[in-house]
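See below for the structure under consideration.
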Amino acid sequence: MGAAQRNISAEKLAYLKRMKAFQRELEALQPLFEVETAIYAEQPCVTGPLPIAVDLYRPKTGRDWPVVIWLHAGGFIAGSREKKLHSVIAGHFVRHGYAVAVPDYRLHRQRPLLKKPMRRLMRDLVAEAAATEDPMQRIFQRDRALAVVEDCGALLRWLEKEGPSRGLGKEIIWAGSSAGAISALNALYLLPQLRIEPFTVRSAMISSGGFAYGRFAKPGTAPVLALHGPEDSRVPIGSIRALKARLGDEITLIESDTLLHGEIGFTPDEALGVAVDRLVTFDQAAAKQFSFTRVPEAGVTKNTRQD
């Protein structure tokens with residue numbers, strides 16, 4: 001057996017070991033939650049309207065839970081809400097009293113069509129992205145990424161309508177990894193530009209993400225926890241460092257040499273429950289540190305630091 005075959009075998013064995021661990025975790029967490037799959041929108045694509053689904057995880061007790069919106073990875077060309085990893089992450093958030101929405105969104109191969117408000121906004125966004133000193137890759141800053149923002153807006157409208165009957169509260173947390181992390185920041189900072197903000201955004205928590213449109217990140221939007229490997233080649237760290245420089249203490253940037261791309265654990269062996277505990281600690285601190293006030297005449301939500 002050659003070295004390449006041995007490496008492939010080792011990677012496959014590690015993957016199978018991880019899947020078994022996820023299954024054990026999921027079996028332990030399943031008694032805590034119920035999960036519902038629903039179509040939250042039909043969004044335009046070249047071939048016609050595309051129904052898009054969301055998995056909604058809810059605790060079996062209580063109500064008015066804050067909602068984590070977890071956006072999956074996949075480079076805007078792959079990925080799905082259906083990965084077992086997402087169920088385990090959701091289960092750990094439920095353990096702390098959160099509901100979790102894990103949506104699908106339009107992928108590049110589905111040839112999404114942007115609506116007129118986003119097409120108008122995209123001209124300014126593309127110009128801003130091109131003017132930055134350390135621009136993100138083109139695939140992360142144009143229509144394939146912005147279609148996800150539209151889908152996130154459609155999800156918020158669905159949650160606004162359907163959430164109360166399902167016990168959901170009025171606070172949301174944007175979260176995700178890799179392309180999902182990029183989308184979480186895009187939703188956080190761009191949906192207010194489209195006047196889509198029916199919920200209070202409590203925080204955003206991302207791994208291996210980025211934001212291409214610097215000046216569209218407005219101060220006072222929400223505290224952000226960003227995890228990133230300094231040598232990440234898939235989504236280079238430059239745009240997150242620039243966001244930190246722009247917004248200061250609103251961005252908590254943790255750089256770790258042991259963080260693999262798209263992971264929320266600082267090491268490959270760190271348990272998902274421990275990694276989610278870290279995210280929850282950040283969000284709960286953010287909820288205490290910031291108060292949220294609506295400015296009616298501007299139609300935007302601003303977060304005010306409580307020192």
Side-chain angles (χ1 to χ4, degrees), residues 40-44 52 54 66-72 76 100-106 112-126 128-129 136 140-163 168-176 179-206 209-226 239 243 246-247 250-251 283 286 290 292-303:
Y40 70 86
E42 289 191 354
Q43 293 288 77
I52 313 179
V54 60
V67 182
V68 176
I69 300 176
W70 187 272
L71 301 170
H72 69 75
F76 303 110
V100 183
V102 185
D104 279 332
Y105 51 76
R106 287 172 293 172
L113 296 173
L114 296 180
K115 299 174 184 177
K116 188 178 293 185
M118 182 59 84
R119 292 201 306 270
R120 286 197 297 261
L121 180 60
M122 190 172 86
R123 291 192 292 267
D124 292 336
L125 294 174
V126 169
E128 173 66 16
M136 293 177 65
F140 295 149
Q141 55 172 272
R142 297 181 73 90
D143 53 347
R144 67 177 70 182
L146 297 177
V148 184
V149 179
E150 289 188 331
D151 296 345
C152 288
L155 176 62
L156 291 191
R157 292 189 179 103
W158 184 86
L159 290 171
E160 182 182 29
K161 179 181 177 182
E162 302 293 338
L168 305 184
K170 293 292 288 182
E171 293 181 322
I172 64 168
I173 299 96
W174 291 109
I182 293 169
S183 298
L185 290 182
N186 285 348
L188 175 67
Y189 294 120
L190 300 183
L191 286 178
Q193 299 289 325
L194 299 172
R195 297 291 188 258
I196 301 173
E197 43 187 344
F199 295 91
T200 293
V201 181
R202 204 156 88 170
S203 70
M205 303 180 295
I206 64 163
F211 187 68
Y213 320 108
R215 69 181 175 86
F216 286 87
K218 302 299 184 185
T221 302
V224 175
L225 173 63
S239 72
L243 190 66
R246 180 180 182 83
L247 298 181
E250 289 182 35
I251 310 297
D283 174 66
F290 287 76
F292 302 85
T293 56
R294 179 158 291 277
V295 184
E297 55 278 15
V300 298
T301 299
K302 290 189 176 180
N303 300 344

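Just so we're clear, the structure is a prediction, and the values are computed from it rather than from any experiment.
Closest approach of Leu155 and Pro103 over heavy atoms only: CD2-CG, 3.8 Å. In plain terms, the two heavy atoms of Phe76 and Ser183 that are nearest each other are CE2-OG, 3.2 Å. Closest of all the heavy-atom pairs between Tyr213 and Leu125 is CD2-O, 3.2 Å. In this structure, Leu190 and Phe216 approach most closely via the heavy-atom pair CD2-CB, 4.0 Å. Closest heavy-atom contact between Ala286 and Pro223: CB-CG, 3.4 Å.
Distance alone, capped at 3.5 Å, places no donor-acceptor pair between the Glu160 side chain and the Phe199 backbone. At least one donor-acceptor pair under 3.5 Å links the side chain of Glu128 to the backbone N or O of Arg215. Between the Arg106 side chain and the Gln43 main chain, no donor and acceptor come within less than 3.5 Å of each other.
Looking at heavy atoms from C-beta onward, Ile173 lies in side-chain contact with Pro66 at the 4.5 angstrom threshold. Side-chain atoms of Leu71 and Trp174, non-hydrogen and from C-beta on, do get closer than 4.5 Å to each other. For the pair Leu185 and Leu243, the minimum side-chain heavy-atom distance is below 4.5 Å. Within the 4.5 Å cutoff, the side chain of Leu146 has no heavy atoms near those of the Leu121 side chain. In this structure the side chain of Pro192 never reaches within 4.5 angstrom of the side chain of Lys218, judged on heavy atoms. In this structure, the side chains of Leu188 and Val201 come closer than 4.5 Å at one or more pairs of heavy atoms. Side-chain contact between Ile69 and Leu156 is present, with heavy atoms from C-beta onward closer than 4.5 Å. Counting only heavy atoms from C-beta outward, the side chains of Leu114 and Arg142 never approach each other to under 4.5 Å.
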Show your reasoning for whether side chain to side chain contact (heavy atoms under 4.5 Å, CB included) applies to Leu191 and Cys152. CA-CA 8 Å; Leu191 286 178; Cys152 288; 4.3 Å; yes
Begin from the C-alpha positions of Val224 and Leu247 and carry the test side chain to side chain contact (heavy atoms under 4.5 Å, CB included) through to its verdict. CA-CA 10 Å; Val224 175; Leu247 298 181; over 6 Å; no
Output, in order, the C-alpha distance, side-chain angles, deciding distance and verdict of side chain to side chain contact (heavy atoms under 4.5 Å, CB included) for Leu159 and Val54. CA-CA 10 Å; Leu159 290 171; Val54 60; over 6 Å; no
Could you walk me through whether Val148 and Ile182 pass side chain to side chain contact (heavy atoms under 4.5 Å, CB included), step by step? CA-CA 10 Å; Val148 184; Ile182 293 169; over 6 Å; no
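With rounding to the nearest 0.5 Å, the separation of CE in Met118 from CG in Leu194 is 4.5 Å. Ile251 CD1 to Thr221 OG1: the interatomic distance, rounded to the nearest 0.5 Å, is 9.0 Å. To the nearest 0.5 Å, atoms CD1 (Ile172) and CD (Glu197) are separated by 10.0 Å. Between Met205 atom CE and Asp283 atom CG the span is 5.0 Å, to the nearest 0.5 Å. Rounded to the nearest 0.5 angstrom, Tyr189 OH and Phe211 CZ are separated by 7.0 Å. With values rounded to the nearest 0.5 angstrom, Arg120 atom CZ is found 6.5 Å from Lys116 atom NZ.
Between His72 and Tyr105, the ring planes lie parallel to each other; the angle is under 30°, not in the 30° to 60° tilted range.
Counting heavy atoms of neighbouring residues, nucleotides and ligands inside a 6.0 Å radius, atom NZ of Lys115 exceeds 12 of them.
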